[in-house]
Amino acid sequence: MSTQPGRTVETARHLHYVVRMGGPEPRTPVLDSVESWNWAVRISVVGLFVLALAGIAYSMASVVVPVLLAWVVAMVLLPVVDGLERRGLSRTLTSTVLVILLVASMIVIVGVLTVPLTYWVGRTSELGALLKERLQTLGNPLAFFEEISNALSQVTGEDQSASAVNLSSSNIVTAVLSVLTPLVSQTLIFVVALVFHLIYQRDIQSGMLLLFQNDSARQIAKDILKDIQVNTSIYFGTLTVVNICLGIAATVLTWLVGLPHPFLWGMLAAALNFVPYLGAAIVIATLFVVGLIAFSALSHAVIAPLAYLGITALEGQVTTPTLIGHRLTINPFLVFLSIACWTWMWGPVGAFLGVPILLCAMVALRRLSSTGSENAGLHTTAADGQAI
């Protein structure tokens, strides 16, 4: 009867030590309940930390997203900056010139695409009616949805003819400013973050390493950061070249088929291919809709989307894996989950950032697992030596 309270007190003391120190007492047998509680505490702390980071990332999206986007673009430009610095050029001057050229090229591209975008946006209502007419010739698939819409309008007592809203000039100006103000501010954050990351990349990495106390942890973190930089540069540098070629192929394809504004569809294909699966699906659907509007025959309208489907299948299954190697391949299901999660968090830009975030996580896990295996091998060798 007297041993049970003593055992309870001893267990409580062990548990208090484990919670306070993060490990069992030296030369003390570890109880199963204490070890289970230790793992539960660690998992809970890590889970709460991840949830806190997710909440901060969601609430600070206007700042976090431009900075992360600048980091991804910097990973592509860093090899160029480092190469020019080794040739004797100033890193500050090189970084500034590269960012100016990047911004200027984006402005030129947007300016070139303004005319076709204005054309398609200005004919939205006309294109919608024309698309509806084309689809009705394929079997009237929209009749069911029209009946549902009419029934809902009768139930709610709304008149569809009175649904149009006349915006005053002040409301239009307010709407435009509400869109342009965050866009301009986030673009400014992106440009400044990109310049500073290219110039002070080594200082930023050294500052991150100061967070670790001992030399072994600092070396592991340094190896992880180096692997992330190298693999991200290889992946996105290769993907950028592949997407430029894909955009050229899409431009030539749409021009040969006879679609209007082929350069617009080529730029759309090159930009959206940075988002795996989803980007190609959007381009195929867009080409199909434009084909239905531009051509009267269904057989002619499906030529461009089917041909583009074949090109993207060849690119995704043969070209890109051959260029980047199997070392950087990621499970497609994990890619889908990452894109879905970050799109929900940050919208379209989150869909673009989903793959680099997942790539960084996979590189870090592989480095940590390889480091753990090496440490386990060293401990085994030392134990065998002591036994001999």
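The two residues Ala304 and Leu287 make their nearest non-hydrogen contact at O-CD1, 4.1 Å. Pairing each heavy atom of Thr312 with each of Leu309, the nearest pair is OG1-O, 2.9 Å. Contact record, His197 with Ala74: CD2-CB, 3.4 Å, taken as the closest heavy-atom pair. Nearest heavy-atom pair across Ala294 and Pro260 is CB-CD, 4.2 Å. A pairwise comparison of heavy atoms in Leu198 and Arg91 identifies O-NE, 2.9 Å as the closest pair. Nearest heavy atom pair, residue Ile189 against residue Pro66, reads CG2-CB, 3.8 Å.
A single hydrophobic cluster is seen to contain both Leu253 and Ile282, as judged by linkage of ILVMFWY side chains at heavy-atom distances under 4.5 Å, directly or through other members. Residues Leu69 and Met106 are members of one and the same hydrophobic cluster, defined by side-chain heavy-atom contacts under 4.5 angstrom among Ile, Leu, Val, Met, Phe, Trp and Tyr. No single ILVMFWY cluster, assembled from side-chain heavy atoms under 4.5 Å apart, contains both Phe295 and Trp255. In the hydrophobic cluster analysis, where Ile, Leu, Val, Met, Phe, Trp and Tyr join through side-chain heavy atoms closer than 4.5 angstrom, Phe274 is grouped together with Leu358. Grouping the Ile, Leu, Val, Met, Phe, Trp and Tyr side chains by contacts below 4.5 angstrom, directly or via other members, places Leu188 with Leu102.
Looking at Val73, Val72, Ile199, Val103 one by one, the single match for side-chain contact (heavy atoms from CB on, under 4.5 Å) with Leu194 turns out to be Val73. Applying side-chain contact (heavy atoms from CB on, under 4.5 Å) to Tyr235 and the options Asn231, Thr232, Leu239 leaves one that passes, Leu239.
Of the possible donor and acceptor atoms, none in the side chain of Thr343 sits under 3.5 Å from a partner among the backbone N and O of Gly350. Side chain of Ser95 to main chain of Val195: no donor-acceptor pair is present (N/O by atom type, distance under 3.5 Å, no hydrogens or angles).
Between Phe288 and Ile284 there is no side-chain heavy-atom pair separated by less than 4.5 Å. Side chains of Leu209 and Leu225 form a contact here, defined as non-hydrogen atoms less than 4.5 Å apart. Within the 4.5 Å cutoff, the side chain of Val65 has no heavy atoms near those of the Met345 side chain. No side-chain heavy atom of Lys226 sits less than 4.5 Å from a side-chain heavy atom of Asp223. At a threshold of 4.5 Å between non-hydrogen side-chain atoms, the residues Thr94 and Glu85 do not count as touching. Within the 4.5 Å cutoff, the side chain of Leu353 has no heavy atoms near those of the Trp342 side chain. Between Leu68 and Phe352, the closest side-chain pair of non-hydrogen atoms is not below 4.5 Å.
From Asn273, atom CG reaches atom CD1 of Ile311 across 11.0 Å, with rounding to the nearest 0.5 Å. Rounding to the nearest 0.5 angstrom, the gap separating the SG atom in Cys341 from the CH2 atom in Trp346 is 9.0 Å. Atom CZ in Arg218 sits 10.5 Å away from atom OG in Ser206 (nearest 0.5 Å). Here the CG atom belonging to Leu256 is positioned 11.0 Å from the CD1 atom belonging to Ile303, to the nearest 0.5 angstrom. Atom CD in Gln205 sits 6.5 Å away from atom CD in Gln229 (nearest 0.5 Å). In this structure, the separation between CD1 on Ile248 and CE on Met267 is 10.5 Å, given to the nearest 0.5 Å.
Note: Trp344 and Tyr58 have parallel aromatic rings, judged against thresholds of 30 and 60 degrees for the angle between ring planes.
Taking a 6.0 Å sphere around CH2 of Trp71, one finds it holds more than 12 heavy atoms contributed by other residues, nucleotides or ligands.
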task: Test side chain to side chain contact (heavy atoms under 4.5 Å, CB included) on Asp82 and Arg202 and set out the steps.
output: CA-CA 11 Å; Asp82 294 337; Arg202 297 188 183 94; 4.0 Å; yes
